[in-house]
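Note sheet for the following structure.
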Number of protein chains: 2
Amino acid sequence: MAEVETNMHEDLRRAFALLSGKWKLEIMWLLYERVYRFGELRKAIPGITQHMLTAQLRELEADGLVVRTVFAEVPPRVEYEITPKARALGPTMEALIAWWNEYGKSVPAKPGGRGRKATSR
Amino acid sequence: MAEVETNMHEDLRRAFALLSGKWKLEIMWLLYERVYRFGELRKAIPGITQHMLTAQLRELEADGLVVRTVFAEVPPRVEYEITPKARALGPTMEALIAWWNEYGKSVPAKPGGRGRKATSR
DNA sequence: CGGAATCCATAGTGATACTG
DNA sequence: CAGTATCACTATGGATTCCG
């Protein structure tokens, strides 16, 4: 059969790239619950700048993870919401959190020094 | 009540950080199958430099995702293998790949221009 | 209100040469 | 063989100012 030897690590990298960015996960985490306006996101994410918020949202939008809706009002209003595509990632993200809680915090594999020694064979 | 409001996105970010690095996923993907020597990894990963391979392996080691074993031979031999911690990530990574294959390649949510328009309310 | 434009600091990545 | 050291480049993140 095909047995494409699927460059799975390629897919993995590309999928990973979509989520890479200091604030993307936090943004998506908020949007997971409800729709947010630009200013709301800014207030909800302490430490982020407009520059970064704009940039990250633009990337998320380009990747089809969030939808940006502009209301022709004055003053202007812009709302952001996540797409089904992003929502489908929920379980996987939770699995990653579960992994972290189980393995990430203990860090048992840390014997004496760096690198194990082995006496030849 | 505890109800820690679990900074899940914090855990998520830290877990994510462990895997961030241009070559880490590819390295782990290889080590998933068997033990590799330094030179083998270099040949198996086209485009990587010794510098980067060393750096990424060191980080993976520090994070407890791979184990480095030095054999006191001449010429020197160093082997790398993944830890149970890293191996436990397998299913999650596969879930991410599955997500990518289902949602990542279509990218349907791309109507006319950037940002949807909405006529006031 | 929700940006864009500009300038700047840092970290990650990469090529090359040298070493135990 | 398996690194380390050095330098250069690029991407990312951030502060500030200005605009429709």
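What's counted below: heavy atoms across the whole structure, side chains too, no hydrogens, waters or symmetry copies. Note that this is a predicted model, so its numbers are computed, not measured.
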Choose from [options] the nucleotide whose nearest atom is closest to any side-chain atom of [X].
| X | options | result |
| --- | --- | --- |
| Thr54(A) | dT4(D), dG3(C), dT13(C) | dG3(C) |
| Met52(A) | dC1(C), dG14(D), dG3(D) | dG14(D) |
| Arg58(A) | dA4(C), dT4(D), dC1(D) | dA4(C) |

So, do [X] and [Y] sit near enough that their side-chain heavy atoms are less than 4.5 Å apart?
| X | Y | value |
| --- | --- | --- |
| Met93(B) | Leu12(A) | yes |
| Glu81(B) | Leu31(B) | no |
| Tyr32(B) | Ile82(B) | yes |

Non-neighbouring partners of [X] that pass side chain to side chain contact (heavy atoms under 4.5 Å, CB included), sequence neighbours left out:
| X | value |
| --- | --- |
| Ala15(A) | Leu96(B), Trp99(B), Trp100(B) |
| Ala17(A) | none |
| Ala55(B) | none |

Whole angstrom value for the distance that separates [atom2] of [N] from [atom1] of [X]:
| X | N | atom1 | atom2 | result |
| --- | --- | --- | --- | --- |
| Leu57(B) | dA2(D) | CG | C1' | 11 Å |
| Glu40(A) | dC1(C) | CD | P | 12 Å |
| His51(B) | dT4(D) | NE2 | C1' | 10 Å |
| Glu61(B) | dA2(D) | CD | P | 15 Å |
| Glu73(B) | dC1(D) | CD | P | 13 Å |
| Tyr80(A) | dG2(C) | OH | C1' | 8 Å |
| Phe38(B) | dG20(C) | CZ | P | 17 Å |
| Leu53(A) | dG14(D) | CG | C1' | 13 Å |

Nearest heavy-atom contact between Leu18(B) and Leu60(B) is O-CD2, 4.4 Å
Could you pull out the closest heavy-atom pair between Thr83(B) and Gly64(B), with the gap in Å? OG1-O, 2.8 Å
Does dC1(D) have OP1 or OP2 sitting under 4.0 Å from an N or O in the side chain of Tyr36(B)? no
Please determine if a side-chain N or O atom of Arg77(B) lies less than 4.0 Å away from the OP1 or OP2 oxygen of dA2(D). no
Among all residues two or more places apart in sequence or in another chain, which pass the ring-ring contact (aromatic ring centres under 6.0 Å, His included) test with Tyr36(B)? none
Under the rule for ring-ring contact (aromatic ring centres under 6.0 Å, His included), what residues qualify as partners of Tyr80(A), not counting sequence neighbours? none
Using a heavy-atom cut-off of under 4.0 Å over every strand shown, decide if Gln56(A) touches base, sugar-phosphate, or nothing. sugar-phosphate
In residues 38-50 of chain B, what donor-acceptor pairs under 3.5 Å come from side-chain atoms, sequence neighbours left out?
unit_1   : atom_1 : unit_2   : atom_2 : d
Glu40(B) : OE1    : Arg37(B) : N      : 2.7
Thr49(B) : OG1    : Met52(B) : N      : 3.2

Side chain to side chain donor-acceptor pair (under 3.5 Å) partners of Glu26(B), counting only residues at least two apart: His9(A), Arg13(A)
Short heteroatom pairs, N/O only, protein and nucleotides 17-20 of chain D, under 3.5 Å:
none

What residues 15-26 of chain A contributes to the DNA chain D interface at heavy-atom separation below 4.0 Å is Gly21(A), Lys22(A), Trp23(A)
Five-pair end axes of the helix from dC1(C)-dG20(D) to dG20(C)-dC1(D) and the angle they enclose, rounded to 10°: 50°
Which residues satisfy the salt bridge (charged side-chain N to carboxylate O under 4.0 Å, His left out) test with Glu59(A), sequence neighbours excluded? Lys24(A)
Can you measure from CG (Leu19(B)) to CZ (Phe16(A)) and round to the nearest 0.5 angstrom? 4.5 Å
Looking at DNA chain C, which of residues 42-49 of chain B put a heavy atom within less than 4.0 Å of it? Thr49(B)
